[in-house]
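What follows is a single structure, written as structure tokens, with notes after it.
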Amino acid sequence: MNAPEILSSGVSAFEHYMAVDDRPKYPMVFWLVLTLQGQADQGRLSTALNTAVSHHPLLSSHLVGDPRGRRAQLLWRHVKNATVYLDSGSQGAPFRFPNVQSSGATPFGKENHTNSLAIDLSREIGVRAFLRQGSEQCTVHLQFHHSATDGLGAVRFMEDVLRYYDGSGTKAVMPLRQPAPLKRRSFCGLNSWLIFTAIPLFLVRAYRFYLSNPEPLTFGSSEGLTGEAVLQCPARECGQLSAPELANLKAASRSAGGTINDALLAHVFSSVDSWQRAKQQITNEHRKRRVRILVPVNMRQVQDHFMSAANMIGMVFVDRRGSLLARPSQLLQSIVREMGAVKRHRLGFALNFATSLAGYIRGGVGAVASQCLTWRCAATVVLSNLGDPLAHCNLPRNKSGQIKTGGLTLSCLELLPPLRLYTSMAIGVVTYAGRLTMTAHYDHTILAKHDVRFLLNGVLASARAANAVAVSAPLEIQGAEQLASDF
């Protein structure tokens with residue numbers, strides 16, 4: 001079965017929504033940032049990128065048709081011998097984006113997306129790469145369009161790149177990516193009966209999302225990214241929990257009956273509340289405000305582990321009002337209960353289901369996206385946790401558990417989720433080599449660097465304080481695969 005046959009069924013509801021909500025000022029793109037010790041060979045990296053992308057049909061395709069129309073009129077068209085755009089330069093040099101020529105396909109939206117952060121899928125494939133070299137280390141920014149893949153799918157592509165760069169990309173050691181399961185990605189592993197019985201819950205959940213108005217991090221108006229700002233590399237701040245701190249966080253979250261992600265949600269809520277207090281943005285009226293964290297939910301099943309890059313996620317939102325934010329214990333317990341219900345009832349599929357219905361009508365998904373993001377805030381913050389996505393990667397590792405490939409050592413992996421209008425900060429969480437890395441991707445035209453650092457440090461400090469109370473002594477980490485099971 002070849003790639004064009006696999007992709008002939010069109011796009012999923014989630015892919016359609018991501019394409020419609022792709023805006024020139026806020027493109028629907030996310031990033032993986034790899035920090036590597038050593039200097040990369042540009043030619044070797046380019047070969048690895050192009051070889052790897054050939055195993056991922058969605059990443060090596062164009063999206064044909066106008067996303068503002070009905071979903072049935074959209075189609076992925078595979079690009080034969082697709083080439084990944086690679087921009088190379090010295091550390092600190094601004095990114096140079098491709099000046100893509102029109103392919104004759106229908107362009108998205110009313111504005112030209114070329115030479116910018118936006119990836120126009122009618123003219124480009126869904127991934128780009130940016131290499132920046134320093135004297136002792138280098139960074140690789142991998143940029144992905146969210147219509148083509150989610151974070152875990154992007155990591156699978158990145159893992160293939162690392163394997164091919166290492167030179168061990170033989171059939172004996174390379175994972176066999178499976179494009180066939182892409183056909184069932186639309187339903188995220190749910191059968192018709194499960195979807196039918198959950199429809200009332202899906203509709204209630206979608207109603208609550210669209211009819212509620214959370215507060216943005218700033219209460220003023222947003223102009224968004226403009227001018228030369230869009231041509232810079234993404235603004236980010238990063239912090240880490242050490243191996244003992246991560247083990248403590250795991251123990252503390254389990255003692256509360258939840259997961260690491262439940263605990264992080266509570267700490268993000270507390271940090272946002274502290275930041276707004278520090279900014280004196282809290283009044284009696286604002287104590288009733290709604291703070292919302294948008295959380296991607298992995299919908300993959302065990303048999304999907306080797307699936308080619310794709311979107312197999314849902315989106316859930318967690319709302320809390322100001323009065324509860326000042327009570328950490330009750331806040332965490334409420335989150336544990338809600339996220340437990342989300343998992344039991346597969347509520348991560350609720351927004352996908354609502355978008356699927358809208359996709360049957362011309363302009364339906366556009367109306368949903370417009371109501372959601374154009375005139376009001378859809379989420380205060382995004383929190384996206386990949387868990388430990390490289391736990392089972394069998395490339396060589398050093399004594400610290402860091403992956404080695406072709407003379408390079410992967411010292412840190414970061415996730416930068418997309419920014420949206422009025423959602424000025426998106427937090428990506430990755431566990432790698434025993435450490436938890438938390439990266440705040442932010443709109444630098446809205447939030448100052450010191451404000452983002454305040455918010456991020458608040459989350460980390462809150463996590464460490466909770467750990468100190470819940471765990472009397474540091475715990476030994478038993479292995480990355482045990483940590484992964486907690487997400």
Side-chain angles (χ1 to χ4, degrees), residues 1-22 27-30 49-85 98 100-109 113-114 118-128 142-154 156-157 160 177-189 299-300 304 306-314 352 355-356 358-360 362 364-366 369 418:
M1 187 177 294
N2 57 40
E5 289 173 344
I6 293 167
L7 301 178
S8 62
S9 59
V11 306
S12 71
F14 189 91
E15 294 159 2
H16 189 189
Y17 183 88
M18 295 294 103
V20 169
D21 196 33
D22 189 7
M28 187 55 78
V29 297
F30 67 93
L49 287 164
N50 295 332
T51 306
V53 83
S54 67
H55 299 289
H56 297 270
L58 288 176
L59 283 179
S60 54
S61 296
H62 291 164
L63 190 57
V64 180
D66 187 350
R68 294 167 296 180
R70 293 168 51 241
R71 188 171 65 258
Q73 297 171 336
L74 294 174
L75 182 70
W76 289 107
R77 177 175 293 165
H78 188 253
V79 178
K80 188 177 181 180
N81 299 322
T83 301
V84 178
Y85 173 81
V100 182
Q101 300 299 318
S102 175
S103 63
T106 303
F108 294 177
H113 284 203
T114 61
I119 296 177
D120 187 342
L121 287 175
S122 69
R123 304 175 182 183
E124 300 178 73
I125 63 172
V127 57
R128 296 168 174 170
L142 295 176
Q143 184 192 26
F144 300 89
H145 197 293
H146 217 326
S147 279
T149 185
D150 58 21
L152 284 174
R156 296 292 166 254
F157 166 76
D160 290 352
R177 297 297 170 203
Q178 300 172 356
L182 293 176
K183 282 191 171 183
R184 66 170 184 266
R185 70 189 186 279
S186 295
F187 300 103
C188 294
M299 304 289 286
R300 286 171 174 78
D304 298 319
F306 291 114
M307 183 176 68
S308 300
N311 285 292
M312 281 284 282
I313 59 170
N352 300 38
T355 305
S356 178
Y360 288 108
R362 177 173 178 80
V365 176

Notebook entry, point to check: Shortest non-hydrogen contact from Met312 to Asp150?
Noted result: N-OD2, 2.9 Å
Check: Minimum heavy-atom separation for Asp22 to Met28, with atom names?
Finding: OD1-N, 3.0 Å
Item checked: Contacts of type side-chain contact (heavy atoms from CB on, under 4.5 Å), residue Ser147, not counting sequence neighbours -> Met18, Ala19, Trp76, Leu121, His145
Checklist line | Heavy-atom pair with the smallest gap, counting every atom of Leu59 and Ile125 | finding: O-CB, 3.1 Å
Margin query: Quick one, His78 and Ser61 - any side-chain contact, counting heavy atoms below 4.5 Å?
Written below: yes
Next item on the list: Could you grab the distance from atom CG of Leu49 to atom CG of Leu142, nearest 0.5 Å is fine?
Entry: 6.5 Å
Check: Got Leu58 and Glu15 here, is their nearest side-chain heavy-atom distance under 4.5 Å?
Finding: yes
Next item on the list: Please identify each residue that fulfils ring pair (Phe, Tyr, Trp, His ring centres under 6.0 Å) with His146, with sequence neighbours left out.
Entry: Phe14, Phe30
Note to self: Rounded to the nearest 0.5 Å, what separates atom NE2 in His16 from atom CG in Leu63?
What the structure shows: 8.5 Å
Next item on the list: For Val53 and Asn50, work out which heavy atoms get closest and say how close.
Entry: CG1-O, 3.4 Å
Next item on the list: Taking all heavy atoms of Thr149 and all of Ala309, pick out the closest pair and write down the distance.
Entry: OG1-CB, 3.6 Å
Check: What is the minimum heavy-atom distance between Ala82 and Ser60, and which atoms define it?
Finding: CB-CB, 3.8 Å
Note to self: Quick one: does any side-chain atom of Asp120 pair with a main-chain N or O of Ser122 as donor and acceptor, under 3.5 Å?
What the structure shows: yes
Check: So do Val127 and His56 actually touch side chain to side chain, heavy atoms under 4.5 Å?
Finding: no
Checklist line | Interatomic spacing from CZ in Arg300 to CZ in Arg156 - rounded to 0.5 Å | finding: 7.5 Å
